[in-house]
Amino acid sequence: MKEILRTDRLVLREMCEDDLAALTEILGDEKTMYAYEHAFSASEIRAWLDNQYRRYREDGFGLWAVVLASTGKMIGQCGLTLQDCGGFTGVEVGYLFNRAYWHCGYATEAARACRDHAFERYPSLGAVFSVIRDNNEPSKRVALRNGMTAGCGLIKHYYGMDMPHTVYSVTRAEYDALKAKERQDG
C-alpha cells in the first residue's frame with residue numbers, strides 16, 4: 001500500500017484489495033450515494049476499485065483510501081482524477097466518505113491536501129477542479145473551503161438520467177495567494 005499524503009489526522013494511500021469491505025460500506029450505502037441516485041452493486045464496486053488501479057497505472061494518481069492515522073481505519077476516498085470539466089479535461093479533486101464520518105472536517109482536510117499535492121507535484125498545472133452534482137450541498141461547501149469558486153455548469157448523463165453539475169475551480173494564482181495568506185497568518 002503506497003502512502004501518498006499525510007495530514008494531521010489522515011493518511012491517504014493507494015487502495016488495495018483489503019479495502020473492498022470499507023469501499024462497499026461507502027459505495028453500497030444508498031444514503032451516501034444519493035448524488036449518484038443509487039447504491040452501487042457488488043460488480044459496480046469491483047469496477048470502481050479496478051478503475052482506481054487503472055488510474056494509478058496510467059495517470060499516476062486516482063482516488064486514494066483515506067485512513068484515520070490514529071486507527072488505520074479507511075473512512076473514505078479522496079484524490080485526483082482526470083474529469084470532463086465542461087468541454088476540457090481537468091485534474092479534479094474528488095472525495096467521497098463513509099456517512100458515519102461526515103461533518104468531522106475529514107473531507108476538507110483530505111481535499112486540501114490533494115489540492116496542495118496537485119499544485120506542488122505538477123508545476124505546470126494551471127488550475128484544479130471539483131465537478132459537483134447540483135444537489136450535493138456538503139460537497140459544494142468542501143469545494144468552497146478548498147478555495148474554489150463556482151464556474152460553469154454541465155450535464156452528466158449517468159444511470160439513465162441527466163444530472164446537472166457545477167464545475168468549481170481554484171487557479172494556481174488563487175492557490176498561491178491562499179498559501180501566502182496562510183504563511184502570513186502563521
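The minimum heavy-atom distance linking Phe97 with Ala110 is given by the pair CZ-CB, 4.0 Å. Shortest non-hydrogen contact noted between Met163 and His165 is O-ND1, 2.8 Å. Across all non-hydrogen atoms, the minimal contact from Arg54 to Asp59 is NH1-OD2, 4.2 Å. When all heavy atoms of Ile45 and Gly28 are compared, the closest pair comes out as CD1-N, 4.0 Å. Looking at every heavy atom in both residues, Ser139 comes nearest to Ile132 through O-CD1, 3.4 Å. Of all heavy-atom pairs spanning Cys78 and Cys114, the tightest one is SG-SG, 3.7 Å.
How far CG of Asn136 is from CG of Leu96: 9.0 Å, rounded to the nearest 0.5 Å. In this structure, the separation between CD1 on Ile75 and SG on Cys104 is 7.5 Å, given to the nearest 0.5 Å. Taken from CG in Leu20 to CD in Glu25, the straight-line distance is 11.0 Å, to the nearest 0.5 Å. Going from atom NE2 of His38 over to atom CG of Leu27 covers 9.5 Å, rounded to the nearest 0.5 Å. Between the NZ atom of Lys73 and the CG atom of Asn98 there is a distance of 6.5 Å, given to the nearest 0.5 Å. Separation of atoms CD (Glu109) and CG (Leu5) is listed at 11.0 Å; rounding is to 0.5 Å.
Judged by distance alone, with hydrogens and angles left aside, the side-chain atoms of Arg115 form a donor-acceptor pair with the main-chain N or O of Asn146 at under 3.5 Å. With hydrogens and angles ignored, the 3.5 Å screen pairs a side-chain donor or acceptor of Asp19 with a backbone N or O of Cys16. For the pair Glu37 (side chain) and Tyr159 (backbone), a donor-acceptor distance under 3.5 Å is absent. Between the side chain of Arg133 and the backbone N or O of Ala35, at least one donor-acceptor pair lies under 3.5 Å. A donor-acceptor contact shorter than 3.5 Å links the side chain of Arg112 to the backbone of Arg145. Although no hydrogens or angles enter the test, the distance criterion places a donor-acceptor pair under 3.5 Å between the side chain of Gln52 and the main chain of Leu63. Using a distance-only test at 3.5 Å, with no hydrogens or angles considered, a donor-acceptor pair links the side chain of Ser130 to the main chain of Val93.
Among residues at least two apart or in separate chains, side-chain hydrogen bond (donor to acceptor under 3.5 Å, both in side chains) pairs with a member in residues 86-97 are Thr81-Glu92. Evaluation of the ring pair (Phe, Tyr, Trp, His ring centres under 6.0 Å) test over residues 7-36, restricted to residues two or more places apart or in two chains, returns Tyr36-Phe40, Tyr36-Tyr158. Among pairs with a residue in residues 98-125, those fulfilling ring pair (Phe, Tyr, Trp, His ring centres under 6.0 Å) read Phe61-Tyr122, Trp64-His117, Phe119-Tyr175, at least two apart in sequence or across chains. Sorted by first then second residue, the salt bridge (Lys or Arg N to Asp or Glu O under 4.0 Å) pairs that include residues 38-49, not counting sequence neighbours, are Glu17-Arg46, Arg46-Asp50. Sorted by first and then second residue, the pairs that involve residues 128-156 and meet ring pair (Phe, Tyr, Trp, His ring centres under 6.0 Å), not counting sequence neighbours, are Phe88-Phe129. For residues 146-174, the set of pairs meeting the salt bridge (Lys or Arg N to Asp or Glu O under 4.0 Å) definition, not counting sequence neighbours, is empty.
Placement of Leu12 and Tyr53 within a single hydrophobic cluster is found when ILVMFWY residues are connected by side-chain heavy-atom separations under 4.5 Å, directly or transitively. Under the 4.5 Å side-chain contact rule for hydrophobic residues, Leu80 and Leu23 share a cluster. Criterion: ILVMFWY side-chain heavy atoms under 4.5 Å apart, direct or through other members. Under it, Val131 and Val142 are not part of a common hydrophobic cluster. Under a hydrophobic-cluster definition in which Ile, Leu, Val, Met, Phe, Trp and Tyr are linked whenever side-chain heavy atoms come within less than 4.5 Å, directly or via other members, Met15 and Val66 are assigned to the same cluster. By the criterion of side-chain heavy atoms lying less than 4.5 angstrom apart, applied directly or through intervening Ile, Leu, Val, Met, Phe, Trp or Tyr residues, Leu154 is not grouped with Met161; the two fall into different hydrophobic clusters.
Using a 4.5 Å heavy-atom threshold, the side chains of Leu68 and Leu10 count as touching.
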Where do Val91 and Leu82 land on the side-chain contact (heavy atoms from CB on, under 4.5 Å) test, with the steps shown first?
CA-CA 5 Å; Val91 174; Leu82 297 176; 4.0 Å; yes
CA sep, side-chain torsions, deciding dist, call: Met148, Val128, side-chain contact (heavy atoms from CB on, under 4.5 Å):
CA-CA 9 Å; Met148 295 182 170; Val128 295; 3.9 Å; yes
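Heavy atoms of other residues, nucleotides or ligands lying less than 6.0 angstrom from CZ of Arg121 number 12 at most.
In the model, Asp134 has a side-chain atom that pairs as donor or acceptor with a side-chain atom of Thr166 under 3.5 Å.
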